[in-house]
Amino acid sequence: MTEWDVKKLRILRTLRDRGTVTATAEALRMTPSAVSQQLTNLAGQLGVTLLEAQGRRVRLTDAAHLVLRHAEAVFAQLERADAELTGYLRGEAGQVRVGAFSTAVPALVVPAVRLLADEDRPGPEVRVHEAEAAQAYELLSAGDVDLALSLAAHAPTARDPRFTVLPLLADPLDVALPAHHRLARTPGLRLADLSGEPWIFGGSGPWSQITTAACEAAGFVPEQAHSASGWTAILAMVEAGMGVALVPRMASAPDRPSHAGVAMRVLGEDRPHRHVVAAVRRGAEEGPAVARVLSALHRVAGTTFQQG
């Protein structure tokens, strides 16, 4: 029978995901020579060629991709076994490391932790790792977090065997206007009404894409007057009359710091949303501690943002 070495298979999967031996070594905290040696040993154990030279880099062979297709099922089953064993040893009071983007921490993760703390039975210990939404799947793949909050725009396809991705909420995007703006009190305000305004949003990344996509769906291309990615800076510029901005409700909830000179308006029928998802390594969602954290996050999402 062919010998399958899980540790070496994880190295092969990381090489597929990271693209180079050097990047794989950095992700796994190994030396490049150790990565190469482990993969050479794996090829010998399996009796197939796994890598081919491609210039100064290497590429995975068809045999390597075949091996990984089967290995993903093994990884998922090991996640289920680990989750079940953890539940057996610790009950539901294990540790869950949550990776979350900045606005999700105060809007979702902290209220979820409070819900768990208010329950009669001991809850899991939640450790928070703040990171950009786009990093969620790198953190999960590397084993640095157990559960990650991300945006649907960054989610892998449903056919990716590594992750289970669960819809969490549709976060409405409201518009921030200077309090003295001529449209600040207009009833039935629509995004299209702001087509001639100067806009404030990031120069690149997800928020730039979300803003431009929302405006284009409303029939115009926004004129970017200023570039910023932090909500404090964006709202300060709006307050100063320098432009308007789309702001996710998670970032402008009542318990978030407010700006007296900013009018937050709920848009009309063309109101855009950004979709927030929770992701785990496939099989890990069956663990009692992870399941309780997911349940708490769903309750917060349902009660706090259902008006969107």
Side-chain angles (χ1 to χ4, degrees), residues 1-83 85 97 99 101 129 131-166 204-206 209 277-287 290:
M1 180 179 290
T2 302
E3 182 177 350
W4 294 78
D5 188 314
V6 173
K7 178 180 177 181
K8 295 183 178 70
L9 288 170
R10 290 190 188 279
I11 296 173
L12 181 63
R13 180 173 68 167
T14 304
L15 176 60
R16 179 199 63 192
D17 296 341
R18 296 303 176 102
T20 68
V21 171
T22 299
T24 299
E26 291 175 354
L28 298 177
R29 299 177 178 85
M30 300 171 64
T31 64
S33 60
V35 168
S36 297
Q37 183 62 45
Q38 291 290 312
L39 293 177
T40 298
N41 291 344
L42 179 62
Q45 291 171 351
L46 299 179
V48 295
T49 300
L50 297 175
L51 304 176
E52 294 176 343
Q54 189 175 48
R56 295 185 177 180
R57 305 177 66 172
V58 294
R59 61 179 290 275
L60 271 63
T61 64
D62 290 342
H65 287 291
L66 184 152
V67 166
L68 285 174
R69 282 200 302 273
H70 290 281
E72 294 295 354
V74 175
F75 295 140
Q77 188 58 42
L78 287 173
E79 288 288 348
R80 294 186 187 98
D82 185 64
L85 182 60
R97 299 164 298 165
F101 53 97
H129 182 139
E132 294 294 330
Q135 294 179 296
Y137 302 98
E138 291 183 14
L139 294 171
L140 280 172
S141 182
D144 293 329
V145 299
D146 306 303
L147 186 159
L149 301 184
S150 181
L151 300 177
H154 297 299
T157 67
R159 291 178 295 177
D160 191 318
R162 296 172 297 167
F163 310 113
T164 296
V165 181
L166 306 166
S204 62
Q209 298 164 8
V277 298
V280 297
R281 289 181 295 277
R282 183 155 296 181
E285 69 275 14
E286 298 180 19
V290 170

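Computed from a prediction, not measured in an experiment: that's the story for all the values here.
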Set of ring pair (Phe, Tyr, Trp, His ring centres under 6.0 Å) partners for Y137, sequence neighbours left out: F163
With a 3.5 Å distance limit and no angle check, can you tell me whether Q135 reaches the backbone of E132 through a side-chain donor-acceptor pair? yes
Any chance you could lay out the side chain to side chain contact (heavy atoms under 4.5 Å, CB included) test for D146 and V280, step after step, and finish with the verdict? CA-CA 6 Å; D146 306 303; V280 297; over 6 Å; no
Just how far is it from atom CZ of R59 to atom CG of L51, taken to the nearest 0.5 Å? 10.0 Å
Ignoring hydrogens and angles, tell me if any N or O in the side chain of T61 forms a donor-acceptor pair with the backbone of T49 under 3.5 Å. yes
Any chance you could lay out the side chain to side chain contact (heavy atoms under 4.5 Å, CB included) test for V74 and L9, step after step, and finish with the verdict? CA-CA 10 Å; V74 175; L9 288 170; 5.7 Å; no
Looking only at heavy atoms, the pair that brings G19 and R57 closest together is O-NH2, 3.3 Å
Pairing donors with acceptors under 3.5 angstrom, does anything connect the side chains of N41 and Q37? yes
Short side-chain to backbone donor-acceptor contact, R162 and R281, under 3.5 Å: no
Pairwise distance CG(D62) to CG(L66) - rounded to 0.5 angstrom: 8.5 Å
Is R16 salt-bridged to E72, cutoff N-O under 4.0 Å? yes
Hey, does L60 have a side-chain heavy atom less than 4.5 Å from the side chain of L15? yes
Scanning both residues in full, the closest heavy-atom pair of V165 with A155 reads CG1-CB, 4.2 Å
Which value, rounded to the nearest 0.5 Å, describes the distance between R13 atom CZ and F75 atom CZ? 4.5 Å
From L39 atom CG to K8 atom NZ, the distance as rounded to the nearest 0.5 Å: 9.5 Å
Charged N to carboxylate O under 4.0 angstrom, K7 versus D5? no
For residues I11 and V35, report the shortest heavy-atom separation together with the two atoms involved. CG2-CG1, 3.9 Å
Table please: side-chain donor-acceptor pairs of residues 21-30 below 3.5 Å, with sequence neighbours left out.
{"residue": "T24", "atom": "OG1", "partner": "T20", "partner atom": "O", "Å": "2.8"}

Ignoring hydrogens, what is the shortest heavy-atom contact between L139 and A131? Give both atom names and the distance. CD1-CB, 3.7 Å
Got a second to check how far L68's CG is from D17's CG, nearest 0.5 Å? 8.5 Å
Looking at every heavy atom in both A64 and L12, which two are closest together, and how far apart are they? O-CD2, 4.2 Å
Side-chain touch V6/L78, heavy atoms, less than 4.5 angstrom: yes
Taking all non-hydrogen atoms of both residues, which atom of R18 and which atom of A142 are closest, and how far apart? NH2-CB, 4.5 Å
Please answer whether the main-chain N or O of A136 pairs with a side-chain N or O of S150 as donor and acceptor at a distance below 3.5 Å. no
